[in-house]
Every structure is written in C-alpha cells, then in structure tokens.
Protein chains: 2
Amino acid sequence: MRFVRLSTRGKYGVRAMYDLALHYGEGPVPLKATAERQMVSEHYLEQLMAGLRRAGLVTSSRGAQGGYELTRSPADITIGDIVRVLEGPIDPAECVAEGDPVEACERADECTMRLVWKKLKDCINRVLDSISLKDLCDETAALMSDSCGSCRAGPDCTRGLGERAGTARRTP
Amino acid sequence: MRFVRLSTRGKYGVRAMYDLALHYGEGPVPLKATAERQMVSEHYLEQLMAGLRRAGLVTSSRGAQGGYELTRSPADITIGDIVRVLEGPIDPAECVAEGDPVEACERADECTMRLVWKKLKDCINRVLDSISLKDLCDETAALMSDSCGSCRAGPDCTRGLGERAGTARRTP
DNA sequence: TGGAATCCCAACAAGTTTAGTCGGAATTCT
DNA sequence: AGAATTCCGACTAAACTTGTTGGGATTCCA
C-alpha cells in the first residue's frame, strides 16, 4: 500500500457509514442493503462493521429486521473517527505514535524529522475531523441540485465540506 | 503498512537527503559515509538513491572519491519532493490521482468522498512542501543550542520548521 | 598500470499485509 | 418453525516490504 493511500477498509468503511447516515433514524439497516448500494462484498463489510461496533460508532441488532445503526447523530461522527478505527491511528512514524517516543527511536529527542511527522499527523487529523457524516450528506445533496454546492468552481471544488455556516462539527 | 505510515523508503530517504544537505558544497559524499551516520544498510540505500537520482534531486559521480550530491541548494528541496519520489505521489484514493477520475471510479463525478480525499491530499502536500532540507538543518542546529529552536514549548513544539522568517521556501 | 573505491543493476527471498472467501453458529422476528 | 440477520474464526492468493546477494562498470590515485 502506498503512503497515504487508503486501503479498501477505510474507503468501504466510510461509504458504509455514509450509507447509514443517509438512513439515520429509520431503524436498523441490514448490511445486505448497504453492501448492495455501495457495491462491496457483504462478508467483507461484516468484518469492518465489527470494528466500528467495538469502537462504539454503530450498534447492531440481530435477527430478522435487524441491522446496523449509528450510535450518534451523523453530525457527531467525523471521517477521522471512522478512518482511525479502520486504518489505525494516524501516525506517520512510530516516534509520533502513542507511547514513549524514545522507546520507538533512541534519537527521538534530538530528531528534527520527528517534528515534521508530528506536524503532518496533526494536519491530517485536523482535516479528517473537520468533516462529519452530515457534511458528506449535505454536500452530496448540494452536488445533486447544483454543479457545486458552495460555488461555481466545478467538480473539484472543496469549499463546502465542513466549512459551511451552521454545519455541526466537533470542537476539540 | 498503515495508512499514512511512512515506509522505511521515505524515512531513510529523508535522512539520507538531510545528511547530504549537511555536507552541501563539500563535493560528493560517498554512500558508505551516509549509511554509517544514518545507520541504514548501504545496499538498501543504494536503491533509494537510484530513485532520487532519476528524479533529478541528486547527482552521482562514480569511482574513487565519488559519491552523491544535491543538485540544488537545500533550501530548494522540500520534504515533499523527497517523499513523493520514494513513496509515490500523495493520493489518498485512486480517484484523486493523476489521470481521469472517472476511469478510476465511475461514480467519481457525483462522489462527495472524493472531495474529502482531495482536501486531504492538498493539505498533506502543503505541509510537506512547506519544509525544506535547509529548514531541517536550521531547526536541528537550534534544537542543539536550545531546548526548542523557536520557543519554550519543549521538544514537541513544531513552531519552527518552515515558519521562521527568512527561511527560503518554494512558492507554488 | 593496477588496484581500491565507488556507483550501477538485476535477481532473489522471508515475512507481512491486503482483500477477500467460506462455512457455520447464535439470535431474533413473524 | 423458518427466515433473516448478525457474529465468529479459519483459510488463501496475491501483492508489498525490507532488505540481501552477486557481480559489473567507472574513476581516482599511487
């Protein structure tokens, strides 16, 4: 896997959570439906949902009419929450992960590169945590009604997504 | 390898380039010396240098008294330049890589997640390109003379690194 | 001119990770 | 009872990572 390239776990997971956000408040959504809509293997998605459940992001109900639901409002779940569960914590290098840096690298104290990785880590977490599932849903709705939800810059514009006024967001 | 975790290629490569920056202007630096100082396998480093040479970041001279040199001033080579060569381009997903997005994913046009990955990509490139090899050298010198080069926030402070006045930096 | 120092190149390999598949057990609704 | 679900663990083929190995080509210096 390439540096900064999401694996299918992260990508499918975000899509699945987005799918649940779209049906938030309608009761449990069976995995089969999500898998079909998002076009991913149901069995594989099962494994991802297990992680998200253990992390407390979704609840499940078994049996007929069962399925998965978000435990919180889509506005209170960020892309960062999901990605960190499925891809692991955002740590460009071991020396900026949880735990004692010197344990990971004996030169950690005097190493300037460590500051670079730290800066990168913070920046990525900030971006990922600035976008909630609700932002995703809103932006998609805007994309559908207009070529770009927030301006006229075309399909590559990222001006929406957590920057629109009134959008709920986690404050760290 | 984890999402956003650098492989040894990126880490060793940056260290090697930092080593060359430290000796910039002193003629070719033999790989053996760099490998010993940075404590990495010489033969492995050889492979990484090949990539950096092909990318035009270093030149090599063969034979006795040969070695590698930076092709530009340390102020004109960013961490981003190095990392992109050794780890590949920064593309959180295929749909934000070079080339036609719709080729990578047929839903690319209508997909809001794509905007998230785009935003992430831009942010990472921005951070990585804001720090030059010269910044690294300067910051290390400051770290050595003072507990933190730029302030008193202790070893986790990242306030230096491309933010100090007078530091040369690429303007895109 | 000979040899030492160096870069250059290609092949190989063990271990790990990824992206799933497969089969079945447990639970719950109707 | 039967159908729809989640839950769990084992398995696997392919790719990637992190080097190692071996040898060839070039250049400097004594």
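Predicted, not measured: the structure shown is a model, and the values here were computed from it. Residue numbers begin at 1 in each chain, while the letters A, B, ... track the order of the sequences.
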Name each donor-acceptor pair under 3.5 Å that joins a side chain in residues 55-67 of chain A to protein atoms two or more places apart or in another chain, with its distance.
none

Mind listing the side-chain donor-acceptor pairs of residues 42-49 of chain B below 3.5 Å, one per line with the distance, residues two or more places apart or on another chain?
from  : atom 1 : to    : atom 2 : distance (Å)
B:H43 : ND1    : B:E46 : OE1    : 3.3
B:Y44 : OH     : B:T8  : OG1    : 3.0

Could you list the donor-acceptor pairs under 3.5 angstrom formed between side-chain atoms of residues 18-31 of chain B and any protein atom two or more places apart in sequence or on another chain?
from  : atom 1 : to     : atom 2 : distance (Å)
B:Y18 : OH     : B:T140 : OG1    : 3.2
B:D19 : OD1    : B:R37  : NE     : 2.8
B:D19 : OD1    : B:Q38  : NE2    : 3.1
B:D19 : OD2    : B:T34  : OG1    : 3.1
B:D19 : OD2    : B:R37  : NE     : 3.3
B:D19 : OD2    : B:R37  : NH2    : 2.8
B:H23 : ND1    : B:D19  : O      : 2.9
B:Y24 : OH     : B:S73  : N      : 3.4

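Close approach of DNA chain D to chain A, defined as any atom under 4.0 Å from a non-hydrogen atom of the protein, starts and stops at D:dA4 to D:dT17.
One atom, CG of A:L86, and another, P of C:dT17, lie 17 Å apart when rounded to the nearest Å.
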Considering only nitrogen or oxygen atoms on both sides, find all protein atoms under 3.5 Å from nucleotides 27-29 of chain C and state each distance.
from   : atom 1 : to    : atom 2 : distance (Å)
C:dT28 : O2     : A:A64 : N      : 3.3

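An OP1 or OP2 oxygen of C:dG20 is reached within less than 4.0 angstrom by a side-chain nitrogen or oxygen of A:Y12. Using a 4.0 Å cut-off, no side-chain N or O of A:S7 falls inside it from OP1 or OP2 of C:dT17.
In this structure, A:R107 contributes its side chain and A:C111 its backbone to no donor-acceptor pair below 3.5 Å.
We find the CG-CG distance between A:D81 and A:L128 to be 9.5 Å, quoted to the nearest 0.5 Å. Of the inter-residue distances, the one linking B:Y12 atom OH with B:L6 atom CG reads 12.0 Å to the nearest 0.5 angstrom.
A:I77 places none of its side-chain heavy atoms less than 4.5 Å from the side chain of A:K134. The closest side-chain heavy-atom distance from B:E110 to A:M144 is below 4.5 Å.
Between A:D122 and A:K118 there is a salt bridge, with a side-chain nitrogen of the basic residue lying less than 4.0 Å from a carboxylate oxygen of the acidic one. Ion pairing of B:R84 with B:D129 is present here, as a side-chain N (NZ or NE/NH1/NH2) and a carboxylate O approach within less than 4.0 Å.
When heavy atoms are screened at a 4.0 angstrom cut-off, B:R53 is found touching the sugar-phosphate backbone but no base atom.
When each of A:F3 and A:R54 is assigned the nucleotide of DNA chain D bearing its nearest heavy atom, the one mapping closer to the 5' terminus is A:R54.
Heavy-atom distances under 4.0 Å link DNA chain C to A:S41, A:H43, A:Y44, A:Q47 of residues 14-48 of chain A, given in residue order.
Sulfur-sulfur distance for B:C123 and A:C123: below 2.5 Å, consistent with a disulfide.
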